[in-house]
Amino acid sequence: MQPSLWLALAGAGVLISFTPGAGAINTMSNSLNSGFRRSMWGILGQQAALVVHILIVALGVGVLVASSPVAFNVIRYAGAAYLVYLGIRQFLAKPDLDQDKAAALRNEPAFSMFRRGLWVNLLNPKAVVFFLAFMPQFIRPEQPLLPQYAVLSATVIVIDIVVMWFFFAAAARSFQRFTHDARGQKILNRTFGVLFVGVGVLLASIH
């Protein structure tokens with residue numbers, strides 16, 4: 001990939017990663033509940049979903065998903081329902097100042113966080129449609145495809161990890177002071193609950 005083309009790819013990747021969405025909300029929620037360092041597990045799950053999306057598009061299956069209203073809507077509504085479920089669960093979570101329970105929450109298994117991050121991004125068919133529009137701009141069919149897809153995937157994933165961890169997860173640390181009392185916990189739970197539900201409703205309603 002030519003340096004100028006890669007720079008354009010990197011610039012687009014930065015803009016995409018900074019666009020708030022379900023992944024950013026999930027990352028901030030993980031950072032608050034489990035800590036800045038452990039939020040990386042959720043971020044890695046989200047990246048695994050990106051790899052799946054890229055593979056789907058690269059193999060041509062993405063065209064079928066994008067062109068099939070039934071397949072697209074099944075995935076879209078499943079993703080929306082999952083985000084709404086996460087939002088309602090977060091919204092209804094009761095404040096808990098018990099140190100033992102708080103420690104248990106902060107020690108959520110890494111695989112659980114990874115799996116949630118995977119599903120948050122995976123159940124988003126618009127990501128497939130986006131990559132269908134995005135990837136051809138940086139792929140030259142007359143050149144070997146595998147190295148191009150490898151560079152594209154690595155660039156997008158590394159940028160997204162950096163933005164998610166050092167921006168969204170780090171930003172959530174500024175809200176830590178709200179976790180020390182019941183009122184602050186309730187505000188955070190309801191805020192992130194509404195955000196999850198809002199993104200889910202948006203995913204289901206926008207065509």
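A donor-acceptor pair under 3.5 Å is formed between the side chain of His53 and the backbone N or O of Asn121. For the pair Ser29 (side chain) and Ile25 (backbone), a donor-acceptor distance under 3.5 Å is absent. A donor-acceptor contact shorter than 3.5 Å is absent between the side chain of Ser31 and the backbone of Thr27.
Annotation: side chain of Leu44 is in contact with side chain of Ile161 (closest heavy-atom distance under 4.5 Å). Side-chain contact between Trp165 and Ser39 is present, with at least one heavy-atom pair separated by less than 4.5 Å.
In terms of hydrophobic clustering, with Ile, Leu, Val, Met, Phe, Trp and Tyr side chains grouped at heavy-atom distances under 4.5 Å, Leu92 and Val197 are assigned to a common cluster.
Taken from CZ in Phe36 to CE in Met28, the straight-line distance is 12.5 Å, to the nearest 0.5 Å. The CG atom of Leu152 sits 11.5 Å away from the CH2 atom of Trp6 when rounded to the nearest 0.5 Å. Between the CD1 atom of Ile43 and the CZ atom of Arg38 there is a distance of 12.5 Å, given to the nearest 0.5 Å. Of the inter-residue distances, the one linking Asn30 atom CG with Asn26 atom CG reads 4.5 Å to the nearest 0.5 angstrom.
Inspection of the Asp160 and Gln46 side chains reveals no N or O donor paired with an N or O acceptor under 3.5 Å.
Contact between Ala172 and Leu32 at its shortest, heavy atoms only, is O-CD2, 3.4 Å. Nearest approach of Ser17 to Met164, heavy atoms of both residues: O-CE, 3.8 Å. Closest non-hydrogen pair, Gly23 versus Val120, comes out as N-CG1, 4.1 Å.
Annotation: Trp41, atom CH2; neighbour count of heavy atoms from other residues, nucleotides and ligands within 6.0 Å does not exceed 12.
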Glu108 vs Asn33, side-chain contact (heavy atoms from CB on, under 4.5 Å): CA-CA, chis, key distance, verdict: CA-CA 9 Å; Glu108 178 186 1; Asn33 292 325; 5.9 Å; no

